[in-house]
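A quick write-up on the structure given underneath.
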Amino acid sequence: MVAGELVQEHLRADPGAPDDITVDRKPPEPHAAVERYADATRGATHAAGRTDARRAPERREEVPPDEGDAMLPHGGAERLQTRLYRRRFAVLAVFSLYSLVNAFQWIQYSIITNVFTRYYGVSSDKIDWLSIVYMVAYVPLILPATWLLDRKGLRLTALLGSGLNCAGAWLKCGSVSPALFGVTVAAQVVCSVAQVFILGLPSRLASVWFGPREVSTACATAVLGNQLGTAIGFLLPPVLVPTRPDHDPDPDLTGRNISVMFYGTAAVSTALFVLSVVVIRDRPPLPPSQAQAVLPDGPPDHYSYKQSISNLIRNKAFVLLLISYGIMTGSFYSVSTLLNQMIMACYENEGLNAGRIGLTLVVAGMVGSILCGLWLDHTKTYKMTTLLVYSLSLVGMLVFTFTLDLNNIYLVFFTAAVLGFFMTGYLPLGFEFGVEITYPESEGTSSGLLNAFAQIFGIIFTLIQGKLTTAYSPLAGNLFLCAWMLLGTLLTALIKSELKRHNVNVGTDRKHLKALPSERPEDRLSETKTNGVKLEPSLSFCRETSL
């Protein structure tokens with residue numbers, strides 16, 4: 001049944017939607033429901049008398065020759081012109097790089113937990129909280145951050161993320177002293193707030209700057225920057241702040257090494273903040289796709305952020321995705337935070353290899369992200385790809401769990417690569433799937449909710465897995481995650497998806513779908529309403545089915 005669904009889904013998808021077109025087409029056959037409404041309206045107008053008769057010519061003059069264009073929010077064929085700009089690559093590169101630095105600052109403490117516990121004289125759970133604080137800060141701040149993204153646009157939100165990331169990096173430079181652990185905590189809090197203005201941007205950036213045949217790849221690349229930062233965070237700290245197990249630690253030497261790491265991070269963050277100011281803009285002059293062309297340039301006057309949240313929460317498919325995405329991404333956060341402790345519990349004096357294993361896990365995931373993005377752009381098989389990757393992530397976690405303590409460090413490298421390829425590769429899939437099933441709701445809102453659930457599950461999983469690992473063994477903590485990932489796989493299988501954004505990119509050109517201002521009288525005929533824009537599907541509207 002799964003194979004049959006995959007074939008049908010592939011046949012429905014049309015990867016050939018053009019990236020850059022100017023609409024010039026014949027009027028379509030009117031929608032049956034609109035015809036019935038027009039007949040009823042003509043009858044009512046005839047009965048209403050001379051007053052309505054005088055208004056009729058005015059109404060007819062407002063309708064352009066192309067009935068489909070009249071139903072677009074702005075009206076007129078010129079509003080449907082699309083174009084791709086080279087600047088999109090610069091915007092994507094700058095965002096990916098400062099997202100990289102933010103992710104590096106998230107994991108740079110956890111991967112050398114043993115060094116920081118000795119240097120600051122604190123317990124390992126306090127160092128764990130330097131990672132967990134990223135997740136804690138995200139949950140209460142994501143709603144105002146997504147409101148800011150919807151109201152003020154991409155540029156201001158991006159500058160806040162880059163600027164706070166730079167400020168936190170410089171504050172860390174003043175925390176290099178065994179007595180200043182509180183300062184490094186404050187600096188990490190600033191970086192965690194910066195993350196709130198970073199994690200929700202990939203899908204928005206990809207949607208407003210990239211064409212329909214590259215949007216999933218662009219989103220995967222934007223997420224890739226964050227993953228690459230985690231990979232470098234696994235690799236560089238053990239190299240820059242080395243430990244020699246056969247020597248007593250020298251606090252002065254350790255402090256100098258930590259200073260090199262902190263000042264280098266601050267310098268890079270400053271350069272990227274300057275580039276963000278110069279390069280990043282809210283949107284290009286012309287939209288890159290039909291899905292963007294039919295949307296207003298900004299929120300309508302009657303737009304309600306609370307209504308947008310309410311629409312998403314009432315979307316059953318999106319709620320299932322929220323939970324399953326939170327489980328998978330929370331598991332990734334937990335494994336990343338506790339990797340050093342797991343490796344050191346099974347392989348003594350392998351702190352450097354712990355960082356290399358983390359690097360292997362994330363680099364393999366980066367490859368998985370890009371391949372999944374390319375696959376989605378080619379096939380548009382969102383549901384089946386997400387389910388397949390989720391299932392294989394569960395298999396990878398089981399293999400990693402039962403081979404961790406076999407006293408073969410090279411086997412751990414291999415199993416970590418398999419786990420990372422699917423687990424980390426899933427992250428952009430969740431973003432893009434969420435945008436598809438919630439369009440035309442704001443990409444920032446759907447991505448923000450997905451990340452919020454990921455942080456909540458990440459906090460819970462990290463705390464519980466950490467306790468299980470310390471009290472029992474890494475096996476117990478990993479089995480805990482496996483049980484939850486099994487639940488996430490089942491929930492993913494239950495999602496009944498509707499490729500709404502894809503249908504606009506394909507259907508608008510073929511007159512299969514019409515976007516209407518929500519205050520028009522025709523709203524009474526619509527089965528699907530959104531916050532400020534109404535989508536009226538035809539009989540050919542593509543759907544995916546659940547198992």
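Note that this is a predicted model, so its numbers are computed, not measured. Throughout, numbering of the chain's residues begins at 1 and tracks the sequence.
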Pair Tyr134, Asn102 - check side-chain contact (heavy atoms from CB on, under 4.5 Å), show working. CA-CA 10 Å; Tyr134 264 59; Asn102 184 260; 3.5 Å; yes

Using the rule given for side-chain contact (heavy atoms from CB on, under 4.5 Å), can you reason through Met135 versus Thr462, listing the C-alpha separation, both sets of side-chain angles and the distance that settles it, and then say yes or no? CA-CA 10 Å; Met135 310 172 204; Thr462 302; 3.9 Å; yes

Could you check Lys152 against Thr157 for side-chain contact (heavy atoms from CB on, under 4.5 Å), going step by step and ending with a plain yes or no? CA-CA 8 Å; Lys152 301 301 181 181; Thr157 308; 5.6 Å; no

Could you please spell out the steps behind the side-chain contact (heavy atoms from CB on, under 4.5 Å) verdict for Phe234 and Leu339? CA-CA 10 Å; Phe234 281 127; Leu339 184 63; 4.1 Å; yes

Give the C-alpha distance, both sets of side-chain angles, the deciding distance and a yes or no for side-chain hydrogen bond (donor to acceptor under 3.5 Å, both in side chains) between Gln465 and Ser334. CA-CA 7 Å; Gln465 187 186 10; Ser334 184; 2.4 Å; yes

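The two residues Ala317 and Ile495 have their closest heavy-atom pair at CB-CG2, 3.9 Å. Across all non-hydrogen atoms, the minimal contact from Leu387 to Ala493 is CD1-N, 3.9 Å. The two atoms that bring Val101 and Leu272 nearest to each other are CG2-CD1, 3.6 Å, heavy atoms only. Contact between Val196 and Ala137 at its shortest, heavy atoms only, is CG2-O, 4.0 Å. Pairing each heavy atom of Met342 with each of Asn478, the nearest pair is SD-OD1, 3.4 Å. Taking all atoms of both residues into account, the shortest heavy-atom contact from Ser276 to Val94 is OG-CG1, 3.5 Å.
At a threshold of 4.5 Å between non-hydrogen side-chain atoms, the residues Gln108 and Lys172 count as touching. With a 4.5 Å cut-off on side-chain heavy atoms, Leu159 and Ile280 do not count as touching. Here the side chains of Val389 and Met423 are not in contact, with every heavy-atom distance at 4.5 Å or above. Looking at heavy atoms from C-beta onward, Phe210 lies in side-chain contact with Phe89 at the 4.5 angstrom threshold. Within the 4.5 Å cutoff, the side chain of Gln195 has no heavy atoms near those of the Phe197 side chain. At least one side-chain heavy atom of Tyr85 sits less than 4.5 Å from a side-chain heavy atom of Leu286. Between Cys482 and Thr401, some side-chain heavy-atom pair lies under the 4.5 Å cut-off. Contact annotation: the side chain of Leu100 never approaches that of Asn226 to less than 4.5 Å [non-hydrogen atoms, C-beta and beyond].
Although no hydrogens or angles enter the test, the distance criterion places no donor-acceptor pair under 3.5 Å between the side chain of Ser99 and the main chain of Ser96. Judged by distance alone, with hydrogens and angles left aside, the side-chain atoms of Ser324 form a donor-acceptor pair with the main-chain N or O of Leu321 at under 3.5 Å. Side-chain atoms of Arg151 do not come within 3.5 Å of backbone N or O of Thr146 as any donor-acceptor pair. The closest donor-acceptor contact from the side chain of Arg155 to the backbone of Asp282 lies at 3.5 Å or more, if one exists at all.
One finds the CD atom of Gln105 at 5.0 Å from the CG atom of Asn165 (value rounded to the nearest 0.5 Å). One finds the CD atom of Gln455 at 8.5 Å from the CD1 atom of Ile142 (value rounded to the nearest 0.5 Å). Taken from CG in Leu338 to OG in Ser110, the straight-line distance is 8.0 Å, to the nearest 0.5 Å. Between the CG atom in Leu143 and the CG atom in Leu449 there is a gap of 7.0 Å [rounded to 0.5 Å]. To the nearest 0.5 Å, atoms OG1 (Thr329) and CD1 (Ile456) are separated by 12.5 Å. For the atom pair CD (Gln227) and CE (Met366), the distance works out to 7.0 Å, reported to the nearest 0.5 Å.
For Trp106 and Tyr333, the distance between ring centers is under 6.0 angstrom. The aromatic ring centres of Tyr426 and Phe332 sit 6.0 Å or more apart. The distance between the ring centers of Phe461 and Phe480 falls below 6.0 angstrom.
The list of side chain to side chain donor-acceptor pair (under 3.5 Å) pairs with a residue in residues 386-396, not counting sequence neighbours, is empty.
If you check the side chains of Thr270 and Trp170, you find a donor sitting under 3.5 Å from an acceptor. Remark: the Gln341 side chain and the Asp128 side chain contain an N/O donor-acceptor pair separated by less than 3.5 Å. Ser331 and Trp484 form no side-chain donor-acceptor contact under 3.5 Å, judged by distance and modelled atom types alone.
Between Tyr98 and Phe95, the angle of the ring planes goes over 60°, which puts this pair in the perpendicular group of the 30/60° scheme.
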